[in-house]
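Report on one structure; see the data block that follows.
Throughout, residue positions are numbered sequentially from 1 according to the sequence presented. This structure is a prediction, so every number in the text was calculated from the model and none was measured.
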Amino acid sequence: MTLEDLRKKALFQNTIDTWIMLCEEKNADWYSPEDYKKFMAHLFQNGLKLQKFPLCIKESGGMYQRGKDKTQFAESLAQSTDPNAAAYTIRLSDETIKIIRQFNSNVVA
């Protein structure tokens, strides 16, 4: 699935699902909380407007890509006080998707 496919489901998405789709596009592992935090820092540094998303961890998903547990991933993020570990709502416009794809990490490069 691509970010455009995710946008077709709903224009506004949470950043955890957006992160997973970016990693899926690049055939990279999405399961690292530290890499998610770097991704969020990238979004903030590029001035994207994000709204805190009250993600219900128990309803965030279950087993996902390659047998990884999305709920466990969200729980590990929830234990952090770092604002980059939170889930946010993001509008997947063409410009936002362009910025998302510019994220450069050794994991998602």
Side-chain angles (χ1 to χ4, degrees):
M1 181 182 293
T2 66
L3 289 166
E4 285 84 7
D5 293 332
L6 186 63
R7 175 174 55 189
K8 287 177 187 173
K9 290 183 176 186
L11 181 60
F12 289 88
Q13 292 288 337
N14 73 70
T15 51
I16 292 176
D17 286 340
T18 302
W19 163 247
I20 291 171
M21 286 306 106
L22 174 65
C23 291
E24 188 172 292
E25 278 189 6
K26 302 205 181 249
N27 198 28
D29 187 10
W30 57 267
Y31 205 66
S32 166
E34 292 307 312
D35 290 330
Y36 174 79
K37 290 187 235 179
K38 291 175 189 174
F39 170 68
M40 291 307 302
H42 166 77
L43 299 183
F44 284 120
Q45 289 167 357
N46 280 277
L48 293 181
K49 293 182 181 179
L50 306 172
Q51 296 292 322
K52 278 264 186 159
F53 182 74
L55 183 66
C56 179
I57 292 172
K58 297 297 181 199
E59 296 176 9
S60 67
M63 297 306 281
Y64 194 72
Q65 178 186 21
R66 300 179 193 141
K68 303 260 172 109
D69 188 337
K70 190 169 126 180
T71 302
Q72 189 176 15
F73 177 71
E75 286 176 350
S76 68
L77 290 171
Q79 294 174 12
S80 175
T81 57
D82 184 340
N84 289 333
Y88 295 85
T89 300
I90 187 169
R91 183 176 183 269
L92 293 180
S93 67
D94 288 339
E95 184 61 29
T96 299
I97 289 175
K98 180 180 173 185
I99 291 168
I100 289 168
R101 287 184 173 138
Q102 290 171 350
F103 176 65
N104 188 9
S105 165
N106 59 357
V107 173
V108 188

Practice item. With the side chain counted from C-beta on, respond yes when Asp5 and Lys9 share a heavy-atom pair under 4.5 Å apart, and no when they do not. Key: no

Exercise for review: Enter the distance from Thr89:OG1 to Leu11:CG here, rounded to the nearest 0.5 Å.
Suggested key: 11.5 Å

Exercise for review: Check step by step if side-chain contact (heavy atoms from CB on, under 4.5 Å) holds for Lys37 and Ser80.
Suggested key: CA-CA 10 Å; Lys37 290 187 235 179; Ser80 175; 3.8 Å; yes

Check your understanding: Any side-chain heavy atom of Ile100 within less than 4.5 Å of one from Leu92?
Key -> yes

Check your understanding: Is there a side-chain contact between Lys38 and Phe103, using heavy atoms and a 4.5 Å cut-off?
Key -> yes

Check your understanding: Considering all heavy atoms of both residues, which atom of Met1 and which atom of Glu25 are nearest to each other, and what is their separation?
Key -> O-CG, 4.0 Å

Point to revise | Asp17 and Lys70, any side-chain heavy atoms less than 4.5 Å apart | key: yes

Review point. Would a line drawn from the ring center of Phe44 to the ring center of Tyr88 be shorter than 6.0 Å?
Key: yes

Check your understanding: Quick one: are His42 and Ile99 in side-chain contact, heavy atoms under 4.5 Å?
Key -> yes

Point to revise | Side chains of Ile90 and Asn14 in contact at under 4.5 Å (non-hydrogen atoms) | key: no

Point to revise | Side-chain heavy-atom pair Gln13, Met21 within 4.5 angstrom cut-off | key: no

Review point. Aromatic ring centroids of Tyr36 and Trp30 under 6.0 Å?
Key: no

Practice item. Mind checking the CG-NZ spacing from Leu43 to Lys49? Nearest 0.5 Å is all I need. Key: 15.0 Å

Check your understanding: If every non-hydrogen atom of Asp82 is compared with every non-hydrogen atom of Asn84, which pair is closest and at what distance?
Key -> OD1-N, 2.8 Å

Point to revise | Nearest non-hydrogen partners of Leu77 and Ala85, listed with the distance | key: CB-O, 3.3 Å

Practice item. Measure the CG-OG distance between Leu48 and Ser93 for me, rounded to the nearest 0.5 Å. Key: 8.0 Å

Point to revise | Heavy-atom check, side chain of Gln51 versus side chain of Phe12, under 4.5 Å | key: no

Practice item. Output yes when a side-chain donor or acceptor of Asp29 lies under 3.5 Å from a complementary backbone atom of Tyr31, and no otherwise. Key: yes

Point to revise | Between Thr18 and Thr15, a side-chain donor and acceptor under 3.5 Å | key: no

Point to revise | salt bridge (Lys or Arg N to Asp or Glu O under 4.0 Å): pairs with one or both residues in residues 86-95, sequence neighbours excluded | key: Arg7-Asp94

